[in-house]
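Take a look at the structure below.
This chain uses plain numbering: 1 for the first residue, then up along the sequence. What you see below is based on every heavy atom in this structure, not just the backbone, and it leaves out hydrogens, waters and symmetry mates.
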Amino acid sequence: DDLLTDKKQRLDAYEAGAKAAEQAFTLDDTNADAHFFHAINLGSAERLKGLSKAAMVVKEIRACAERAIALNPAHAQALQFMGGLLMELPWFLGGDEKKAQEYLERAIAADGNFTNARVLVAKLYKKQDRLEDAKKQLEAVIHADHPHYRFAWERQYKPQAERMLNELGESAASR
């Protein structure tokens, strides 16, 4: 997403990535990264095609992410992906905020440098009125020493965490 801005180029890249990952886990079904990369590339490609089409492959996407986690229970990327997916999906497609929170907390425990997991779990904490917990996660995003995906952290996750933290400060002041 950071390198390619043209929708067609991004779609082609995601589809090629999904195909390569599928070939990799066909050769070695115990390769957690291959399952994860298939799930994330397939999901990104389908999202570009439209949410209604993405709904038709949710089962395959989830199965690949779950397989990656089964093979490597500390696979922080797959845990973050699964948490984000369950948070985003409507309930009738398997969305589940409680399970999403569990996956995101596991991702952070496995590797706290995945700042998107922290932003996502802060959103859940905010919904639960766990404002201090949300603030801690957002502070960790802002002050991350070695965030993964530095480009996205600088342009997306850190500014989002700063906005959310300001909003939490304002909402706490209005109480």
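In this structure, the side chains of N41 and E15 stay at 4.5 Å or more apart for every pair of heavy atoms. Considering only heavy atoms from C-beta on, T115 comes within 4.5 Å of P147 through its side chain. With a 4.5 Å cut-off on side-chain heavy atoms, R106 and I69 count as touching.
Separating the CG atom in L138 from the NZ atom in K126 is a distance of 9.5 Å, to the nearest 0.5 Å. A distance of 9.5 Å separates CG of L11 from OH of Y14, quoted to the nearest 0.5 Å. Residue D96 holds its CG atom at 10.5 Å from CG of L89, rounded to the nearest 0.5 Å. Note that NZ of K59 is 11.0 Å distant from CD of E66, once rounded to the nearest 0.5 Å. Note that OG of S44 and NZ of K49 are 11.5 Å apart. Values are rounded to the nearest 0.5 Å. Put simply, CG on L168 and CG on L131 are 5.5 Å apart, with the number rounded to the nearest 0.5 Å.
Heavy atoms only, all atoms of each residue included: A70 and P73 are closest at O-CD, 4.1 Å. Nearest heavy atom pair, residue V58 against residue L93, reads CG1-O, 3.9 Å. Taking every heavy atom of both residues into account, N31 and A34 meet most closely at OD1-N, 2.9 Å. Heavy atoms only, all atoms of each residue included: A107 and A76 are closest at CB-O, 3.6 Å.
When the side-chain hydrogen bond (donor to acceptor under 3.5 Å, both in side chains) test is applied to E97, the partners found at least two apart in sequence or on another chain are K127. Partners of R67 according to the salt bridge (charged side-chain N to carboxylate O under 4.0 Å, His left out) rule, which considers only residues two or more places apart in sequence or in another chain, are D29. By the side chain to side chain contact (heavy atoms under 4.5 Å, CB included) test, K8 is found to be paired with D6, D12, residues two or more places apart in sequence or in another chain being considered. A search for salt bridge (charged side-chain N to carboxylate O under 4.0 Å, His left out) contacts involving D133 returns R130, not counting sequence neighbours. With sequence neighbours excluded, the residues forming a side chain to side chain contact (heavy atoms under 4.5 Å, CB included) with A140 are R118, listed by chain and number. Checked against salt bridge (charged side-chain N to carboxylate O under 4.0 Å, His left out), E139 has no partners two or more places apart in sequence or in another chain. In this structure K158 satisfies the side chain to side chain contact (heavy atoms under 4.5 Å, CB included) test together with I142, W153, E162, sequence neighbours excluded. Under the side chain to side chain contact (heavy atoms under 4.5 Å, CB included) criterion, R155 pairs with F151, not counting sequence neighbours. Here Q77 pairs with Y149 under the side-chain hydrogen bond (donor to acceptor under 3.5 Å, both in side chains) rule; sequence neighbours left out.
Taking a cutoff of 4.0 Å between a charged side-chain nitrogen and a carboxylate oxygen, E102 and K99 do not qualify as a salt bridge.
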Worksheet entry | L86/R62 under side-chain contact (heavy atoms from CB on, under 4.5 Å): CA gap, chis, key distance, verdict | CA-CA 9 Å; L86 293 176; R62 282 188 66 168; 3.7 Å; yes

Discussion item. Test salt bridge (charged side-chain N to carboxylate O under 4.0 Å, His left out) on R150 and E154; report intermediate values, then the result.
Written reply: CA-CA 6 Å; R150 188 164 198 80; E154 289 174 351; 3.6 Å; yes

Practice prompt. Check the pair H38 / E60 against side-chain contact (heavy atoms from CB on, under 4.5 Å), numbers first and verdict last.
Written response: CA-CA 9 Å; H38 181 69; E60 181 179 357; 2.9 Å; yes

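Placement of V57 and F37 within a single hydrophobic cluster is found when ILVMFWY residues are connected by side-chain heavy-atom separations under 4.5 Å, directly or transitively.
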Please set out all donor-acceptor pairs under 3.5 angstrom arising from side-chain atoms of residues 16-25, sequence neighbours excluded.
none

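Counting Ile, Leu, Val, Met, Phe, Trp and Tyr side chains that sit under 4.5 Å apart, directly or through other members, Y125 shares a hydrophobic cluster with M87, L104, I108, L120, V121, L124.
Judged by distance alone, the side chains of Q160 and Q156 never bring a donor and an acceptor atom under 3.5 Å apart.
Counting only residues at least two apart or in different chains, ring pair (Phe, Tyr, Trp, His ring centres under 6.0 Å) contacts with residues 64-108 comprise F36-H75.
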